[in-house]
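Convention: sequence-line order gives letters A, B, ...; per-chain numbering from 1.
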Amino acid sequence: MKTVREQQQKAKAPPRYDGTCRELSREESDRRVAAGEPFVIRFKTPKDGSTTIRDELRGDITVENTTIDDYIIVKTDGLALYHLAAMVDDHEMGITHVLRGSEWLGTFPLHALIIRAFGWPEPKWCHLSVFLKPTGKGKMSKRDVTSEQSIYALELREMGYLPEAINSWTALMGASFGAEEELLDLAGMTERFKIANLNPSPARVNFEKLDDFNGKWIRRLDITDLSGRLLPFFAKAGIQADPALLQRIVPLIQPRLVTLDDAVDFAGLFFREVPASPAEALTPKGLTAAQALGALEAAHALIRASEGFTTEALEPPLRALAETLGLKPGQLFGIIRQAVTGQPVSPPLFESMEIIGREVVVERLERAEATLRGA
RNA sequence: GCCCCCAUCGUCUAGUGGACCAGGACACGGCCCUUUCAAGGCCUAAACUGGGGUUCGAAUCCCCAUGGGGGCACCA
């Protein structure tokens with residue numbers, strides 16, 4: 001067999017069985033089996049004519065029988081290959097529709113031939129397009145573990161993608177469900193699913209769209225549900241988030257999340273010590289440290305004196321203060337934000353302060369003032 | 001090399017001979033809203049791979065070319 005292969009390669013012919021034992025008589029083969037010779041069983045493909053098979057997406061496909069090899073169907077160890085096993089299996093299970101990847105298109109004629117040889121009714125066949133890597137170069141493969149392009153669905157979950165988002169996203173690659181809404185849950189998809197809406201051409205995987213879908217799904221979740229899903233991600237980051245507190249924070253970060261993972265970045269400040277900010281960070285550009293300090297002290301006085309510690313109570317006076325100081329609201333709020341949250345970017349300031357609480361807010365304001373005085 | 005499949009904006013797609021100077025979504029750019037970042041709203045830009053046919057009429061049908069993908073194991 002080895003020498004045959006080499007000759008075929010030299011002749012630039014496709015590697016295939018040379019038919020040595022094709023015409024062996026039943027008696028002869030029985031004798032040799034009885035004699036203990038190792039053997040395989042091949043499918044004896046017709047030598048002439050052609051085979052026409054129907055794919056529900058592509059219509060009839062006709063191939064010359066000469067291009068179909070005498071495939072091995074049972075191995076030397078007596079085990080059936082997929083080609084035989086799957087056909088028998090499907091038949092035994094009464095399968096009516098076979099939807100599988102288009103990588104099976106090449107052996108599709110063989111499979112049909114096997115079924116016809118048994119005299120069994122043929123199921124309907126439909127070959128789905130493969131997913132291409134984001135680069136468009138080659139197909140996405142679950143076996144290509146070494147490639148950084150390959151990824152497991154489970155990893156996606158660990159990265160903070162919702163099962164709902166992953167489902168609706170993958171479903172939309174290589175298919176459509178009839179316009180109106182792209183974000184479909186399983187029930188919506190099964191309701192609308194039609195083989196005719198599948199696309200036969202390969203689809204490139206688009207992770208940007210996954211991000212978009214994930215954000216939209218996150219925004220659809222109710223607060224309790226989302227809070228519950230966030231807990232494991234805080235835990236993974238070493239934060240034991242108090243569920244009740246988290247419930248109050250979630251509305252602030254919900255519209256900001258792309259992945260569940262992001263919550264730790266956005267809400268971490270509510271659960272751990274925030275480091276003191278350097279004077280530069282506390283000083284908006286265009287202002288001096290002294291000006292920032294003055295603004296902060298004035299804000300501090302208002303906050304300390306404020307009757308309630310809610311957004312409703314805090315925002316109006318501070319907004320008025322900005323005007324009095326001749327600052328844009330964003331400038332004043334930016335200083336406070338940095339002082340209180342330790343970050344230039346944070347969830348909405350007043351709502352955040354409300355959650356952090358007066359005592360801690362005042363502490364942090366004082367700390368920031370000290371920093372600015374030393375500048 | 002051989003066999004098979006596919007071909008609309010950058011990407012995923014709608015479109016099955018006239019309703020298409022081609023619609024939607026993502027991404028991109030701009031505007032609005034706005035305490036940061038988002039979210040949200042509005043708007044712009046962006047495609048029928050090429051060439052032959054068929055037809056009164058082609059994104060839609062046929063052929064060729066080109067391009068892309070898949071397969072060619074005693075894997076699945």
Side-chain angles (χ1 to χ4, degrees), chain A residues 1 5 8-16 38-42 53 55 57-59 61-64 66-69 71-83 85-86 100-109 127 129-132 134 136-139 142-143 169-183 196-197 199-213 215-216 218-219 252-258 262 265-266 284 315 318-319 322 327-338 341 343-352:
Chain A
M1 199 60 203
R5 273 286 145 78
Q8 285 172 335
Q9 285 196 341
K10 221 178 290 176
K12 291 194 175 167
R16 57 179 70 244
F39 66 96
V40 296
I41 300 178
R42 289 175 180 273
I53 50 191
D55 177 274
L57 276 184
R58 290 159 250 259
I61 300 169
T62 300
V63 293
E64 296 302 316
T66 51
T67 66
I68 308 173
D69 199 5
Y71 287 89
I72 289 174
I73 274 175
V74 177
K75 300 188 279 181
T76 314
D77 62 10
L79 258 29
L81 249 39
Y82 173 88
H83 305 306
R100 39 143 54 165
S102 67
E103 63 266 29
W104 293 108
L105 225 33
T107 45
F108 182 17
H127 293 84
S129 62
V130 295
F131 287 171
L132 266 28
K137 202 82 197 90
K139 69 166 176 173
K142 61 182 173 192
R143 293 192 201 163
W169 170 65
T170 48
L172 228 44
M173 283 187 294
S176 61
F177 288 85
E180 350 79 78
E181 178 59 90
E182 279 196 328
L183 295 195
N197 287 146
N199 196 313
S201 46
R204 213 182 273 206
V205 166
N206 181 358
F207 287 106
E208 287 167 337
K209 191 129 181 164
L210 207 213
D211 282 344
D212 178 64
F213 273 30
K216 284 177 176 161
I218 284 176
R219 271 164 254 136
L252 302 185
I253 62 174
Q254 188 173 30
R256 278 157 250 269
L257 300 178
V258 172
D262 292 340
D265 290 334
F266 283 116
E315 183 169 355
L318 284 168
R319 207 168 270 284
L327 294 176
K328 286 188 216 152
Q331 290 179 298
L332 176 62
F333 299 166
I335 301 171
I336 304 173
R337 182 190 313 282
Q338 183 69 50
T341 69
Q343 305 170 354
V345 174
S346 79
L349 181 60
F350 303 107
E351 287 83 349
S352 297

When you compare the side chain of [Y] with that of [X], does any pair of heavy atoms fall below 4.5 Å?
X: A:Y82; Y: A:T107; value: no
X: A:N197; Y: A:F177; value: no
X: A:V130; Y: A:E103; value: yes
X: A:L318; Y: A:L349; value: no
X: A:R256; Y: A:P348; value: yes

Give [X] one of three labels, base, sugar-phosphate or nothing, depending on what nucleic acid heavy atoms sit under 4.0 Å from its own.
X: A:G174; value: sugar-phosphate
X: A:I72; value: base
X: A:G136; value: sugar-phosphate

Q: Measure the acute angle between the ring planes of A:W104 and A:H83, then classify it against the limits of 30° and 60° as parallel, tilted or perpendicular.
A: perpendicular

In whole angstrom, give me the gap between the [atom1] atoms of [N] and [M].
N: B:C9; M: B:G29; atom1: C1'; answer: 15 Å
N: B:C62; M: B:U8; atom1: P; answer: 16 Å
N: B:U60; M: B:G51; atom1: P; answer: 13 Å
N: B:A14; M: B:C56; atom1: P; answer: 31 Å
N: B:U49; M: B:A58; atom1: P; answer: 16 Å
N: B:C26; M: B:G69; atom1: C1'; answer: 23 Å
N: B:U13; M: B:C20; atom1: P; answer: 23 Å
N: B:G17; M: B:G53; atom1: P; answer: 23 Å

When the distance from [atom1] of [X] to [atom2] of [N] is rounded to whole Å, what number comes out?
X: A:N197; N: B:C12; atom1: CG; atom2: C1'; value: 14 Å
X: A:E182; N: B:A14; atom1: CD; atom2: P; value: 11 Å
X: A:W169; N: B:U11; atom1: CH2; atom2: C1'; value: 12 Å
X: A:F177; N: B:A25; atom1: CZ; atom2: P; value: 18 Å
X: A:F108; N: B:A76; atom1: CZ; atom2: P; value: 20 Å
X: A:F213; N: B:U11; atom1: CZ; atom2: P; value: 17 Å
X: A:K137; N: B:G67; atom1: NZ; atom2: C1'; value: 11 Å
X: A:D77; N: B:A73; atom1: CG; atom2: C1'; value: 14 Å

Q) In the 5'-to-3' direction, what one-character label does each nucleotide of nucleotides 31-45 of chain B receive under the scheme B = base within less than 4.0 Å of a protein heavy atom, S = sugar-phosphate only, - = no such atom? A) ----BBBBSS-----

**Q.** Protein-to-nucleotide contact annotation, 5' to 3' order, nucleotides 58-64 of chain B [B base; S sugar-phosphate only; - none; under 4.0 Å, heavy atom]
**A.** -------

Strand partner of [N], provided both Watson-Crick or wobble distances fall under 3.5 Å:
N: B:C2; result: B:G71
N: B:U44; result: none
N: B:A25; result: B:U11

Q. When you match A:T76 and A:S176 each to their closest nucleotide on RNA chain B, which lands nearer the 5' end?
A. A:S176

Q. RNA chain B: A:T67 or A:L132, which has the more 5' nearest nucleotide?
A. A:T67

(Q) The test is side-chain contact (heavy atoms from CB on, under 4.5 Å); show your working for A:D211 and A:W169 and say whether it passes. (A) CA-CA 9 Å; A:D211 282 344; A:W169 170 65; over 6 Å; no

Q. Which pair of heavy atoms, one from A:M173 and one from A:N206, lies closest together, and at what distance?
A. SD-N, 4.1 Å

(Q) Counting distance alone, no hydrogens or angles: does the base of B:A25 have a donor or acceptor under 3.5 Å from a partner atom on the side chain of A:K209? (A) yes

Q | Interatomic spacing from CG in A:D265 to CD1 in A:I253 - rounded to 0.5 Å | A | 10.0 Å

**Q.** Criterion side-chain contact (heavy atoms from CB on, under 4.5 Å) on A:L57 and A:H127, from CA distance to verdict
**A.** CA-CA 7 Å; A:L57 276 184; A:H127 293 84; over 6 Å; no

Q. Should A:K139 be listed as having a side-chain N or O under 4.0 Å from OP1 or OP2 of B:G68?
A. no

Q | side-chain contact (heavy atoms from CB on, under 4.5 Å) between A:V40 and A:T76, intermediate numbers included | A | CA-CA 5 Å; A:V40 296; A:T76 314; 3.5 Å; yes

At a cut-off of 3.5 Å, list every protein nitrogen or oxygen paired with a nitrogen or oxygen from nucleotides 4-9 of chain B, distance to 0.1 Å.
unit_1 : atom_1 : unit_2 : atom_2 : d
B:C5   : O2'    : A:R58  : NH1    : 2.9

